[in-house]
Student: 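Take this structure first; my questions come after.
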Amino acid sequence: MLHFEELTWPELEALDRVHTVVFVVLSPLEEHGPHLPLGTDLYTGRGIAEAIALRLEQHYPQVTCVLLPAIPLGSGAIPYLGTIGTPVRLVRQALFQAGKALARDGFHCIIAVSGHLGLSHLSAMEAASKAVSRRYGITMVAPVAGIWHRLLHSKELGARFSGLNEPIVGQALKLLLRAHHSGSMETSLMLHLHPELVNINYQHLKRVDWWHLVRWRGWTRAHWPGYVGDPTLARADVGQVMVEMMAQLGADLAARMVEEQVQARQAAPLTSRNVLRPKVAASLLLIFAGLASGVAGLLFWKGRRGHPT
């Protein structure tokens, strides 16, 4: 796994473009309660991208993964102390420009990852990825929403949790799978990825449900501690299971992307010979015909000026 910012341009140029997957992480700086850092979404997005890349390289040795530095931008963030939100159009433009530059440099497989699950943010990432794919003929995807959906509805996830040293089943499992802001799920991810950044006070926080916010006028420090759910249920082994399963789903997707690009490049010479060349020839004929017609018209016009009626 390579880090984009550490490479020289000759090292970047030497990469086999068809067998290289580039990861772009885009997440906001956002408050995450009194127990998680403001960069939680950046840390989880980066952690998920690294886990996917490692699994991909382990199971597909011919593939090289390159990670860009995480971009601290995101929309749909909670307007609270410490949050730096950005408009949707800025998220879309930033990711589009990153994809455009990578496509210009010849990379065919780009995966955009986020640790932030705001709807407007994910929609903007998907829109930018589709736009880059259409315009530059590569494959760029933002699969986070799909990966989370498959993960949370997977029977394997429940089986993995029930097989832990301290099994999680029944009501405890249902509570854990609720993707609350800074709740047990996000706290579990951070306990696995960066336990040194989790404040130990998470073990003593009270449960906060969404309906508690109804009677409050805005999300202010005086009325809301900055999280929803029950962080006390968080466990590092839970976070590990989730990251491992997301890595599996993401690596399978990336492998399919690479295979599709390989097949497309193998078919390209045939396409060029049988389809593109006739089109080029036809275009050249039209151009020459147009030029000939123009020259003939010009000569006729000059001839009429020299022989007035």
Student: Report the relative orientation of the aromatic rings in H194 and Y43; use parallel for angles under 30°, tilted for 30 to 60°, perpendicular for over 60°.
Tutor: tilted
Student: Could you check whether the rings of W224 and Y80 sit parallel, tilted or perpendicular, using 30° and 60° as the cut-offs?
Tutor: perpendicular
Student: Okay, side chain of R235, backbone of E166: is any donor-acceptor separation there less than 3.5 Å?
Tutor: yes
Student: Does any N or O in the side chain of R17 come within less than 3.5 Å of the main-chain N or O of D105, such that one atom is a donor and the other an acceptor?
Tutor: yes
Student: Indicate yes or no: does E244 engage R160 in a salt bridge with an N to O separation below 4.0 Å.
Tutor: yes
Student: Is a side-chain N or O of S188 found less than 3.5 angstrom from the main chain of A236, in a donor-acceptor match?
Tutor: no
Student: Does the T83 side chain pair with the main chain of E31, one donor and one acceptor, at a distance under 3.5 Å?
Tutor: yes
Student: If only atom types and distance count, is the side chain of S154 paired as donor or acceptor with the main-chain N or O of E156 below 3.5 Å?
Tutor: yes
Student: Could you tell me how the ring of H181 sits relative to the ring of H32: parallel (under 30°), tilted (30 to 60°) or perpendicular (over 60°)?
Tutor: tilted
Student: Looking at R256 and E260, does any basic side-chain N land under 4.0 Å from a carboxylate oxygen?
Tutor: no
Student: Does the H116 side chain pair with the main chain of S75, one donor and one acceptor, at a distance under 3.5 Å?
Tutor: yes
Student: If only atom types and distance count, is the side chain of S27 paired as donor or acceptor with the main-chain N or O of G115 below 3.5 Å?
Tutor: yes
